Each structure stands twice: as C-alpha cells, then as structure tokens.
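Here is the structure we will look at.
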Amino acid sequence: MTIRPAGDARITATVPIVVVGAGACGMVAALSAAEAGGEVLVLERDAVPAGSTALSSGMIPAAGTEEQRAQGVIDDASAFARDIQSKSKGRSDRAVLAAATEMSGPAVDWLNAMPDVELRLVEGFLYPGHSVARMHAPPDRTGRSLIGMLRAAVERRGLDVMTGATVTDLYAREDGHVTALRIGRPDGAAEDIGCGALILACNGYGGNPDMVAKHIPEMARADYFGHPGNRGDAVAWGVGLGGEAKHMSAYQGHGSVATPHGILITWALMMEGGIQVNTTGQRFSNEHAGYSEQAVSVLAQPGGVAWNIYDASRHELGLAFDDYRAAMAQGAIRDAVSIEDLAAKIGVPSGALARSIMDTASVGPDRFGRIMGQKPQLEAPFYAVKVTGALFHTQGGLRVDGNARVVRRGTDRPLGNLYAGGGAACGVSGPFVDGYLSGNGLLTAVTLGRLAGLAAAASV
C-alpha cells in the first residue's frame, strides 16, 4: 500500500465515483450514487463480494421505519441516539451519531422498497441496550442473505462491480485530493484508474495482528471472526492523505461463538433468560450487559471458554436463527433431562451448576447487577453449548463528517474528495469495547454508505 504523486499515474480509464469494497457499505454507496445520477465503479478484492457483512447476523438497527410503524413500535432518531450514547457513556462521535441515527430509518425504508430486498423487524426480544425493537433483518437473520440481496439489487441496477481487483496504491495531489488508484489483478497485471471521488468502504483492521496487538491488546490472542482481508489499509490511506484516525481502541467482540465449531450463537438466548457458566459451573458476569464486552469476560475464564445454559423455550427461540440450526446440525448443542444429567454431559460440578441455575429463580439485581425475575426461570429439560469469546470487527477508523466525508487532521474541513464508511470510518461506539450497541457495525455501514454515495454523486 503506497500513496504516490498524482503525476505518476498512467491512467487507462477514468470513472467519476470509485467505491473500494463490495460489502454492505460499498453496495449501498454504489446504489445511492447511481440513484443520484452518478457513474460508479465498485472494486472488490475477493472473487465474490461478501466481506464482513456476510459473517454478520444481517441485522440493521433503524429508527422510525415503516416496519416499526406497522407493528406499533414508537421510535425515532433521538431515542436511538440516546440508547447509543447510554451504551458508550456519552463518548460516541457526535457527528456520526447524528447522521447515522437520522438516516437509519429512511435508509432501511429505501432498501425495503427495492424488489430484491426484504428486511423484517425482529420481534420477541430486545438486544442489550435497545429500548425498543429496531433490528431489521432478512427472514433467515443472516448476513449471507443480506449481502445476497444487496448484490441482486446492484445487478438489477446494472452497476459495474470489478471483482479480483485489489487496490495497491493511491495517487494524490499534495492537498490530499485523490486522482487515481492502482489495481492489482490475480494474474499479476496492474492498471491505473482515475476517479473524481473515492469512497473507502473496504475494511477495519481486525485481520492485522500487529494493529490488533497495538490498539486492542486484550484481544491479541482471541479468535478473529471477521474477514481476513480487513488489514487496516483504508485507515492507513486516509491518515497518509492527511486524515485522522479516531477511537482505534473500539471494537465489537462477541461472547457466544460455539467452539470448536466457529458458529455464532444468538445472544437472544441470554436476553430471554439464559446464563453463562465457566468450567467450574459458576456464573461470572452480568449476561445482560452486552455481548461485545462479554467476549473479554469469557476469555478471562479457565481455558477461555464458557457454557451457555438455557432451556426448551429458549431453544425454540434459537431455532429461528439459521446459525443456531447449523450449530445443531454440527452437534454443538447438548440437551439434558436434569441438572445432574447436564452437569455430567458438559463436565462441570453439579452442585455449582445447580446454584447457578437457581439464580434465575431470584428476583431483583443479583451480585453481578443483572435484574432477575423479568423472564421465567430455567427449568428442565436443559440445553447447553460451549462457547468462546471472539473479535468480530473494529469500530475505530477515519474521522468523517455528517456526509461521510473524511476530514482533515485537526480540523472539521473535508479532505479533498475522500469519503469513508463501514469499517473504514470511526463508528458510534466510543473508544472501548463496552460502548458497542448491538448492530452498530451495520448501522454505520448502511447509513454512511448511503450518505457517502449521495454526497459523492453531488460533488462530481
């Protein structure tokens, strides 16, 4: 990755708007730019667009949507912003927070109006920190379906997506204005493409061990559940051009990845009354605090693992999720007719496990601060799955304004013709893992992608 003088480029073709990355952010940016009359080219390193989006649960949080109104859910951007700021303890980037929450509802409604997209309001439970139901997801609640829908929408629009195209160099003027990109192809060929505006929708840095060790050392040995191509290139480019990196210590972890299967187990099981115990059969945290910070808590347990414990009614809830059914098919889910049977099957002391399960029969705040009694207590038959903590994606990145324009270091002024969203931009989670509110990643991917596409189209 190199930033070269603008005069060094040997441009073979020029496109008004170039988008780097064909995940949710890049696809939304391309669709938005085209809708606004812009000519756009999407560059994707992989042979098939997928990115971090395909590895997610595909849930986009949005406030004030038609789906919410149809279900009688009262919500708006200000309530959404309050929930985000409550989770981040008031440390969210304010410009991105305002832009993302205000755009969230219109963006989801815009997507849902497309023939290829179906996003339903997820009901029946709330993820940690959300005051109302605002998660919108494909029917099977997978990121694979979400990216498939967006790809279909892009294809229907006839937009150009060049796969197997790795951006290796940027060409820029001294003031940071990008004039061209160099693209490497799988056969070793390279070409320079000129651009009028550049949207970085490509990556965070979760796949770069050195950057992880530097910025989030507590996750240096954790399993990485994101796309391996997330190497931090976008942040390095933006900083090299004169931009500013912000909240690089922020990330989304998850404390419920089935091990050794590597399958995400929905946190709805915990929110609806499940618990986590370690290998001694004891609970160790407030499972309702948030699944992101729970990654750190699980990794701190013996062997870096825990057991999700729940019962038949929660098991039925899990079956609504495609990933959970996959875990069932691979034998990750254990069942038992009694506490003693469960203890024997998962290898923990039955007495300690019994006391942990009895916690769910109590009322009021427990010793970890979790308020018990709001959900029915666990009762036989029981279910369990062995999980570990994992790093999903980073939340720090380039500082942008309310139109997703990268701003010049130390100022609020736009940096040339550069835009960023998704993993390339600073999100709304504040600087730490416990600031992540469920869905923050896809929130900024979709909303900043939409804003970037519209603004770039207006600028060229």
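Since we're looking at a predicted model, the values are computed, not measured. We number each residue from 1, following the sequence as shown. All values below come from the heavy atoms of this structure, side chains included, with hydrogens, waters and symmetry mates left out.
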What's the shortest heavy-atom distance between Ala456 and Ala197, and which atoms? CB-CB, 4.1 Å
Would you say that more than 12 heavy atoms from the other residues, nucleotides or ligands in this model lie under 6.0 Å from the [atom1] of [X], or not?
X	atom1	value
Arg69	CZ	yes
Arg185	CZ	yes
Lys214	NZ	no

Measure the spacing between [atom1] of [X] and [atom2] of [Y] and express it to the nearest 0.5 Å.
X	Y	atom1	atom2	answer
Leu443	Met135	CG	CE	9.5 Å
Leu269	Ile275	CG	CD1	12.5 Å
Ser32	Arg450	OG	CZ	4.0 Å

Lys/Arg N to Asp/Glu carboxylate O, Asp76 vs Arg82, below 4.0 Å: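 Judged by the 4.0 Å cut-off on N to carboxylate O distance, Asp76 and Arg82 do not form a salt bridge.
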What I want to find out is whether Glu244 reaches Arg399 closely enough, with some N-O distance under 4.0 Å, to be called a salt bridge. yes
ring-ring contact (aromatic ring centres under 6.0 Å, His included) pairs, two or more places apart, involving residues 424-460: His393-Tyr436
Option among [options] that satisfies the side chain to side chain contact (heavy atoms under 4.5 Å, CB included) test with [X]:
X	options	value
Arg134	Asp83, Val108, Thr65, Leu126	Asp83
Pro138	Ile60, Leu146, Ile147	Leu146
Leu41	Leu159, Ile193, Val19	Ile193

Counting distance only, does the side-chain N/O of [X] pair as donor-acceptor with the main-chain N or O of [Y] below 3.5 Å?
X	Y	answer
Lys87	Asp434	yes
Asn417	Gly196	yes
Ser256	Ile265	yes
Arg408	Pro414	no
Thr447	Ser104	no

Name all residues meeting the salt bridge (Lys or Arg N to Asp or Glu O under 4.0 Å) criterion together with Arg173; count only those two or more places apart in sequence or in a different chain, and write none if there are none.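 Scan of Arg173 (salt bridge (Lys or Arg N to Asp or Glu O under 4.0 Å), adjacent residues dropped) gives Asp175.
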Residues that Glu102 engages under salt bridge (Lys or Arg N to Asp or Glu O under 4.0 Å), provided they are two or more places apart: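 By the salt bridge (Lys or Arg N to Asp or Glu O under 4.0 Å) rule, Glu102 matches no residue at all.
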Residues forming a side chain to side chain donor-acceptor pair (under 3.5 Å) with [X], sequence neighbours excluded:
X	result
Lys246	Asp93
Arg325	Asp322
His215	none

Verify the distance criterion only: is there a donor paired with an acceptor across the side chains of [X] and [Y] at less than 3.5 Å?
X	Y	result
Gln276	Gln294	yes
Ser429	Gln252	no
Asp46	His227	yes

Does the plane of the ring in His254 sit parallel, tilted or perpendicular to the ring in Trp267? Use 30° and 60° as the thresholds.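 Perpendicular, since the angle between the ring planes exceeds 60°.
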